Amino acid sequence: EMAAPSAPGPSQPREGLPALFIPRTAAEEQRVRLERLMRNPEKTVPIPEKLNEWAPRPPPEFVRDVMGSSAGAGSGEFHVYRHLRRREYQRQDFMDAMAEKQKLDEEFQKKLERNKMIAEEQTAKRRRKRQKLKEKKLQAKKNKLEQKKQEK
């Protein structure tokens, strides 16, 4: 006769804890997270700060081991040169990307301003049209009153 296992196995959920649930979609994952948060409403929720964008290390102020132009550089010098070159290319790519981003931001702001101006012009045009109609109605009303006075 086999004795019953004292600890529940991985297939048996423990008392009070739900069975392991693997979310298959983003909505399910969100639901699981919300349920976990709502189990203890008094507990504070950690809100992560916005991470700063990656920026390359600035070039050194003073370079100690400048590679000479004489022949006979050691076999390790190539790797030093390679790393320096890679870092410089990375820095240049970063600067190009930042310039492109700034240009796109400026274009977007100009586009927003242009759209705002167009919308304001349309609004003003419609306002003038409404005023015109209002004045026409008032004038027609005055004319009608004048005609009634002349008839009497």
Side-chain angles (χ1 to χ4, degrees), residues 2-141:
M2 293 267 306
S6 59
S11 61
Q12 300 168 318
R14 287 178 290 194
E15 288 291 323
L17 290 174
L20 181 65
F21 175 74
I22 299 163
R24 305 236 184 271
T25 64
E28 285 179 356
E29 187 175 341
Q30 193 73 10
R31 183 174 55 78
V32 168
R33 283 184 178 174
L34 276 172
E35 284 172 359
R36 191 181 309 138
L37 282 172
M38 293 311 289
R39 260 184 239 142
N40 189 358
E42 283 79 39
K43 189 177 175 186
T44 57
V45 180
I47 299 171
E49 294 292 320
K50 185 183 174 210
L51 294 171
N52 292 334
E53 285 188 18
W54 177 86
R57 261 194 300 184
E61 293 282 324
F62 179 76
V63 182
R64 282 205 165 75
D65 40 35
V66 178
M67 280 178 271
S69 58
S70 62
S75 60
E77 293 301 311
F78 169 71
H79 300 291
V80 173
Y81 164 74
R82 193 181 58 150
H83 289 304
L84 288 172
R85 186 183 62 178
R86 183 185 58 80
R87 195 174 293 146
E88 180 60 19
Y89 284 160
Q90 203 174 29
R91 191 179 71 84
Q92 287 176 355
D93 288 343
F94 174 77
M95 287 175 11
D96 290 345
M98 290 305 289
E100 181 68 22
K101 185 180 173 191
Q102 192 174 5
K103 190 181 98 177
L104 289 172
D105 283 348
E106 286 172 6
E107 285 175 7
F108 178 69
Q109 289 301 326
K110 284 180 186 173
K111 190 177 177 183
L112 279 182
E113 284 293 318
R114 196 165 47 248
N115 288 349
K116 197 175 177 182
M117 291 282 289
I118 290 168
E120 284 174 5
E121 285 171 12
Q122 287 285 348
T123 306
K125 190 176 175 184
R126 290 182 182 132
R127 187 184 299 123
R128 283 195 299 271
K129 197 172 179 182
R130 282 194 305 271
Q131 285 297 118
K132 222 175 188 179
L133 282 170
K134 206 174 183 181
E135 286 170 11
K136 263 189 181 176
K137 279 184 183 177
L138 282 172
Q139 193 62 40
K141 205 172 185 181

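Quick caveat: nothing in here was measured; it's all calculated off a predicted structure. Residues take their numbers from the sequence shown, with the count starting at 1.
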Next on the checklist: The test is salt bridge (charged side-chain N to carboxylate O under 4.0 Å, His left out); show your working for E35 and R31 and say whether it passes.
Outcome noted: CA-CA 6 Å; E35 284 172 359; R31 183 174 55 78; 3.2 Å; yes

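- Summarising the geometry of W54 relative to F94, their closest heavy-atom pair is O-CE1, 3.1 Å, with the distance given to 0.1 Å.
- Using a 4.5 Å cut-off on side-chain heavy atoms (C-beta onward), E107 and K111 make no contact.
- Taking CZ of R33 as the reference point, atom CZ of R36 lies at 7.5 Å (rounded to 0.5 Å).
- Side-chain contact check for L104 versus E100: some heavy-atom pair is nearer than 4.5 Å.
- Annotation: the span from T44 atom OG1 to L37 atom CG amounts to 10.5 Å, rounded to 0.5 Å.
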Checklist entry - Can E53 and K101 be said to form a salt bridge (charged side-chain N to carboxylate O under 4.0 Å, His left out), step by step? => result CA-CA 13 Å; E53 285 188 18; K101 185 180 173 191; 2.7 Å; yes

Checklist entry - So E121 and K125, salt bridge (charged side-chain N to carboxylate O under 4.0 Å, His left out) or not? Walk me through it. => result CA-CA 6 Å; E121 285 171 12; K125 190 176 175 184; over 6 Å; no

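- Side-chain atoms of Q139 and K136, non-hydrogen and from C-beta on, never get closer than 4.5 Å to each other.
- From L51, atom CG reaches atom CD of E49 across 9.5 Å, with rounding to the nearest 0.5 Å.
- Atom NZ of K110 sits about 12.5 Å away from atom CG of L112, to the nearest 0.5 Å.
- A heavy-atom distance below 4.5 Å is found between the side chains of Q92 and Y89.
- Sparse packing is recorded around CZ of R24, with 12 or fewer heavy atoms of other residues, nucleotides or ligands lying under 6.0 Å away.
- Residues R91 and E88 are paired through a salt bridge, judged by an N-O separation under 4.0 Å between the basic side chain and the carboxylate.
- The only option from R85, H83, H79 that meets the side chain to side chain contact (heavy atoms under 4.5 Å, CB included) definition with Y81 turns out to be R85.
- Taking 4.5 Å as the limit, some side-chain heavy atom of N40 sits within range of a side-chain heavy atom of E42.
- Donor-acceptor pairing under 3.5 Å is lacking for the side chains of E113 and Q109.
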